[in-house]
*Asks:* 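Quick one: this structure, given as structure tokens, is what I'll be asking you about.
Predicted model, so just to flag it, every value in this text is computed and none were measured. Note on naming: letters A, B, ... go to the chains in the order of the sequence lines (proteins, then strands), and numbering restarts at 1 for each one.
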Amino acid sequence: MNKLILRTASRYLLPLLLLFAVFILLRGHYLPGGGFVGGLVAAIAFVLHAFAHGLRTTRHLLRIHPGYLMPAGLALAIGSGLLPVLARGRPFLTGIWHPEPLAVIGGIGTPLFFDLGVFLVVIGASLTILFTISETR
Amino acid sequence: MEVLLALMTGLLYAAGLYLMLRRSMVKLIIGLVLLGNGANLLIFLLGRIVKGAPPIIRADANVLTGLYADPVPQALILTAIVISFGLQSFAIILFKRAYKVLDTDDLDQMRDTDDL
Amino acid sequence: MLLVTGLALSFLYPLFLAVWPGWVRGRRAYWTAAVPALLFLGCLQAWEQVMQGGMVILDLPWAPSLGVSLTFTLDGLSFLFSLLITGIGTLIFLYASAYMKGYADSARLFGWLGIFMGSMLGLVWSDNVITLFIFWELTSISSFFLIGYYQEDQASRQSARTALAVTGLGGLALLAAGLLIGQETGGYGLAGLQDLQGLLTASPLYPLIAVLVMLAAFTKSAQFPFHFWLPGAMKAPTPVSAYLHSATMVKAGVYLLLRFSPSLGGTEWWTWGLTAAGGITMVYAAWQTLFRTDLKALLAYSTVSALGIMVFMTGWGTEAAIKAAVGFVLVHALYKAPLFLVAGILDKVTGTREVTQLAGWGRALPFTAAAGLLAALSNAGLPPFLGFVGKDLVYEALLAQGNSVALWGMALAFVTNVLLLWAGLQAGLRPFAGKPAPGSGRPLSPGAWLWGPPLLLALLGLVAGCWPSWPGNWLVTPALRVTGFPGREAALALWHGYGPVLALSAATLLSGALLAVFIQPSATRSQRWMRWERIAPEAVVHAGYRVFSTAATRITRLLQNGYLRHYVFAVTLFLLVVTAIQLVPLLADGQLPYRIAAVTVYEVMILVMMAASIGFTVFTRSRLVAVASLGVTGYAICLLFVFYSAPDLAMTQFTIDTLTVILFVLVVFRLPRYLTFSTPAIRWRDGIQALAFGAVIFLLILAVLAEPVTREVGDYYARNAYLLAKGKNVVNVILVDFRGLDTLVEISVLAVAAIGVFGLLKLRLKPTEWPEK
């Protein structure tokens, strides 16, 4: 009975929470939020889903092992730092911004991609930790 | 209010330390978490506390003016919180493995390096 | 350019050997001699410039702010040493290729020999004290690895450690001396240091500098009472003994003294320090040779004695004396190295190094015997060998002093020379003379690569002795110029005319020959003497070492006892005491802000909740309650962040707290139940300490809060967050932009922790890989 409510709820909660996580990530530059919190919220969303539907289903839903998100995120963060070095000859991690703000997302620049990298690493790390632990007896 | 918060920080440190002095692994880890919380609060307090003035620039302004909370300790603590999660999970799993291999919870039994 | 390339090669070549150790097995090993040969030719090529006063090999800025540059120069003094290092080096590499044939890991030997040669050249080329020190230590380190080459042998390792400890100590003294000189003169350069002699010797620090330089030189050059590491170093393979511990490295100390003689010399401290140490060493070590029967030990003590002569002569500081010291460096290298190499051949062919068991090998090993004989005669100082010239220089310089002290020195030098002559004959002549021991048969003949190098060196000693003006003009005179003397032409000569010097030489020869007739090396005498070794410096040092190591073990047992909570206890107790001492005056002042103003009901509620949950966490006996109240503590902190203007922190704390609770729930119930291990008394003790620690933290915060706050950094970020980084959430801008590099490292740490968890849980040893219980 409990499980049923949780299952039904989590089915709708997962996309909502993920959307919320991305929202937090994007608004982080102007209002409270950012990659760390966004990543943690996303991780909680998946953990909740795993509680309701079992780890196997969540793993299936994710398709890839969450561990791969860590190198991807690190590469994104380092890449966003290297971009100014390669493109403009500026120091590592100098911010470069697109001159015009975009709709929905707002200003777009390398710090945003850096934050996205943080976001991915945080999801990857926390899910790797929690999934690995719950898989092992 | 700072005084009360300082007292609370001291309490967190005391509790964390007391648990770390126990011989049980589980208590050690919980003590570690409490100590981490205490350290975060300590840094927060040392940067001075301000009510209702987060370090966020208003939508119609370009510079943060007036009274606002110091953003530097906040940035420090934010990463500290996330890192301490990594540390805690690593410690907890390390102890779990040790428990499984050595079959004891007593830290005094873990003095030798040669058993594994 | 050739020289820089050669130097780089001698360091790169070992790297190559490390990757491909098989390369030096077999015939290809002879090619290793190409590196020293190349350097030798490079040095010869520089001859003209050296005669004109020296040349700069390399000049690179290194640490300009400290006045340290990577400058290598080649002047007369370093020219002499460079030729010895590379020339003898070439022969040693060839000899070692044949000697080490069949050893599986001979690459290690050649690698360290290469590093040693490079460092030794760097040492004599260095133009400032700092690089001099670095290369000095590098020679000590390569010597350590070469002495301990037979690493499975306990005695080898022990000797290597002793040598490293003694020479390393000297290296530290050299660094200290260099820093003091830099402080006094305002620079670390060696060039032009002699112009500052007045400044240096008048400085109140001068005695300290002089003593430190002497300590460095005496440890390296094995002067009494630091000499004992050198006989121990004979545990190294023989090519190493011949090269490092006779011909080159041990002379680094003499080099240092000669180098500093014009700038630090000419004082009572210098003269007495050097002559006393050198005088004692030369007689003591020469006396010791009477009681040695192992060929290499005998040669080691005679080397120590020869080094003593060099230091002794350097101490006098007159032109004739310095000339004698410089000349003796060359003379000694040309006869002692072949004696060592001959001893190595005998050891290899006959299987023993005991002098008492060696006789009559001359017929079986004619070329080896020739090399040994020539070297022994040069050592004996028979004309027309170079050794004769060298010995005359010593007598001449001492006679020229003309005072009573010098006469006493002359007596010491005479005794030393007689004893050294005896030792040389035992090593170079005795094993080959007489009848072969019955049943020894015809041994395997050593190849030309083995007997060639010593024979060549010994012949060089003869040739140079016949025409002494060549080495005199080309090697000794330029070196003398560096030490501040004009250095006349024809510095060396075979014939000095009839006079007291000739008489002394003749008397030395005669006494030595008589001694050799009447006193034979004897195992019983040697054993009888060994009883006195208990009070020798070596025994004293070893006893000290044992005491030190026992004490260290005891202290470690006490402190590193393996109980985690003892460590925590000790560390916090120390911190507690140190901090409390500082805090007590503040308490007494009443400066701390104890006031509690403007507290709202919400805040009090949060604090009460927090205190209660901490209490539950500590005192509960149920793991579930502990975890739950841990969560509550976290949420309470989260609320505090909300109240005090830290929304980002509040969000992060909230999510992390949730994840932490999930983590604990997943794991803790697979962990054991709470057990109570400790007694109430211990719990009380821990509780009191924990509370005291908490109180100190509390007071510390109050003390900080009483101070005015500086917010420069925070204000900078607050002003510029939008203007420079186009963000309005200052905390986030700090994280992803201003301090992005820190964040990058932090997420890497997080990833490493996750990988660690994964590895601990998922990667398992196969049952076969489990260590035996």
*Asks:* Rounded to the nearest 0.5 Å, what separates atom CG in C/Leu630 from atom CG in B/Leu19?
*Replies:* 9.5 Å

*Asks:* If every non-hydrogen atom of B/Ile57 is compared with every non-hydrogen atom of C/Gly727, which pair is closest and at what distance?
*Replies:* CD1-O, 4.0 Å

*Asks:* Flag the one option from C/Val733, C/Asp742, C/Val604, C/Thr652 with the top tally of heavy-atom pairs under 4.5 Å to chain B.
*Replies:* C/Thr652

*Asks:* Would B/Val63 and C/Tyr722 satisfy side-chain contact (heavy atoms from CB on, under 4.5 Å), going step by step from the backbone distance to the final call?
*Replies:* CA-CA 7 Å; B/Val63 177; C/Tyr722 189 70; over 6 Å; no

*Asks:* Considering only heavy atoms, which portion of B/Ile77 lies under 4.5 Å from any heavy atom of chain C: side chain, backbone, both, or neither?
*Replies:*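 Interface part for B/Ile77: both.
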
*Asks:* May I ask you to name which of C/Val627, C/Thr710, C/Thr572 has the most heavy-atom pairs under 4.5 Å with chain B?
*Replies:*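 Most pairs with chain B among the choices: C/Thr572.
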
*Asks:* Distance check, rounded to the nearest 0.5 Å: C/Leu607 atom CG versus B/Leu5 atom CG?
*Replies:*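 Here the rounded value is 5.5 Å.
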
*Asks:* Given that the side chain runs from C-beta out, which part of C/Val713 has a heavy atom under 4.5 Å from chain B: side chain, backbone, both or neither?
*Replies:*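 For C/Val713, the contact with chain B is made by backbone and side chain together.
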
*Asks:* OG of B/Ser89 to CD1 of C/Ile662: how many Å apart, nearest 0.5 Å?
*Replies:* 12.5 Å

*Asks:* Count the heavy-atom pairs under 4.5 Å between each of C/Val757, C/Leu761, C/Leu760 and chain B, then report the option with the highest count.
*Replies:* C/Leu760

*Asks:* So, C/Lys728 side chain and B/Ala61 main chain: donor-acceptor pair closer than 3.5 Å or not?
*Replies:*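 Side chain of C/Lys728 to backbone of B/Ala61, a donor-acceptor pair under 3.5 Å: yes, one is there.
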
*Asks:* Of the backbone (N, CA, C, O) and the side chain (C-beta and beyond), which part of B/Arg22 lies under 4.5 Å from a heavy atom of chain C, both, or neither?
*Replies:*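 For B/Arg22, heavy atoms of backbone and side chain both lie under 4.5 Å from chain C.
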
*Asks:* Do B/Ile29 and C/Phe664 touch side chain to side chain, with heavy atoms closer than 4.5 Å?
*Replies:* yes

*Asks:* Measure distances from C/Ala611 to the heavy atoms of chain B and classify the residue's part below 4.5 Å as side chain, backbone, both or neither.
*Replies:*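 Both backbone and side chain of C/Ala611 come within 4.5 Å of chain B.
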
*Asks:* Just checking C/Phe654: does its CZ atom have more than 12 heavy atoms from other residues, nucleotides or ligands closer to it than 6.0 angstrom?
*Replies:* no

*Asks:* Can you tell me how far the CD1 atom of B/Ile81 sits from the CE atom of C/Met651, to the nearest 0.5 Å?
*Replies:*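 Output value for this atom pair is 12.0 Å.
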
*Asks:* Verify the neighbour count for atom CZ of C/Phe616: are there more than 12 heavy atoms of other residues, nucleotides or ligands below 6.0 Å?
*Replies:* no

*Asks:* Find out whether B/Leu12 and C/Ile637 are in side-chain contact, i.e. whether some heavy atom of one side chain is under 4.5 Å from a heavy atom of the other.
*Replies:* yes

*Asks:* Hey, mind stepping through C/Glu746 and B/Val82 against side-chain contact (heavy atoms from CB on, under 4.5 Å) and telling me if it holds?
*Replies:* CA-CA 9 Å; C/Glu746 275 150 5; B/Val82 181; over 6 Å; no

*Asks:* If you compare all heavy atoms of B/Arg48 against all heavy atoms of C/Val704, which two are closest, and at what distance to 0.1 Å?
*Replies:* NH2-O, 3.3 Å

*Asks:* Looking only at heavy atoms, which of residues 641-648 of chain C get nearer than 4.5 Å to chain B?
*Replies:*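 C/Phe641, C/Phe643, C/Tyr644, C/Ser645, C/Ala646, C/Pro647, C/Asp648, listed by number.
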
*Asks:* Taking the side chain as everything from C-beta on, heavy atoms only, tell me whether B/Leu34 gets closer than 4.5 Å to C/Thr617.
*Replies:*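 Answer yes - side chains close enough.
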
*Asks:* Can you tell which of C/Asn732, C/Ile734, C/Val731 makes a side-chain contact (heavy atoms from CB on, under 4.5 Å) with B/Leu78?
*Replies:* C/Val731

*Asks:* Determine the option with the most heavy-atom pairs under 4.5 angstrom with chain C, choosing from B/Gly38, B/Pro73, B/Ala75.
*Replies:*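 Of the options given, most contacts go to B/Ala75.
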
*Asks:* Among B/Ala59, B/Pro55, B/Ala69, single out the residue with the greatest number of heavy-atom pairs under 4.5 Å to chain C.
*Replies:* B/Pro55

*Asks:* Taking all atoms of both residues into account, what is the closest heavy-atom pair of C/Val618 and B/Ala15, and its distance?
*Replies:*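 Distance-wise, the nearest heavy atoms are CG2-CB, 3.5 Å.
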
*Asks:* Of the listed residues (C/Val568, C/Thr600, C/Ile614), which shares the most heavy-atom pairs with chain B below a 4.5 Å separation?
*Replies:*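 Result: the option with the highest number of such pairs is C/Ile614.
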
*Asks:* Compare all side-chain heavy atoms of B/Leu21 with those of C/Arg685 and state whether any distance is below 4.5 angstrom.
*Replies:* no

*Asks:* To the nearest 0.5 angstrom, please state how far the CG atom of B/Asn62 sits from the CG atom of C/Asn720.
*Replies:*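 Taking CG in B/Asn62 and CG in C/Asn720, the distance rounds to 11.5 Å.
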
*Asks:* Considering all heavy atoms of both residues, which atom of C/Leu702 and which atom of B/Ala6 are nearest to each other, and what is their separation?
*Replies:*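 Taking C/Leu702 first and B/Ala6 second, the nearest heavy atoms are CD2-CB, 4.3 Å.
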
*Asks:* Could you tell me which portion of B/Leu28 (side chain, backbone, both or neither) has an atom closer than 4.5 angstrom to a non-hydrogen atom of chain C?
*Replies:*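 It is the side chain, since no backbone atom gets that close.
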
*Asks:* Heavy-atom pairs under 4.5 Å with chain C: which of B/Leu64, B/Thr65, B/Leu46, B/Leu87 has the most?
*Replies:* B/Leu64

*Asks:* Could you tell me which non-hydrogen atom of C/Gly714 sits nearest to which non-hydrogen atom of B/Pro71, and how far apart they are?
*Replies:*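 In this case the closest contact between C/Gly714 and B/Pro71 is O-CG, 3.9 Å.
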
*Asks:* How long is the span from the CG atom in B/Leu41 to the CD atom in C/Gln653, to the nearest 0.5 Å?
*Replies:*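 Taking CG in B/Leu41 and CD in C/Gln653, the distance rounds to 9.0 Å.
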
*Asks:* Indicate the atoms forming the closest heavy-atom contact of B/Lys51 with C/Glu603, along with that distance.
*Replies:*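 In this case the closest contact between B/Lys51 and C/Glu603 is CE-OE2, 2.7 Å.
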
*Asks:* Could you tell me if the side chain of C/Phe698 sits less than 4.5 Å from the side chain of B/Thr9, heavy atoms only?
*Replies:*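 The answer is no, as the side chains (C-beta and beyond) never meet within the 4.5 Å cut-off.
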
*Asks:* Tell me, do B/Tyr18 and C/Arg683 make a side-chain contact under 4.5 Å, heavy atoms counted?
*Replies:* yes

*Asks:* Using the side chain to side chain donor-acceptor pair (under 3.5 Å) criterion, which residues pair with B/Tyr68? Sequence neighbours excluded.
*Replies:* C/Asp715

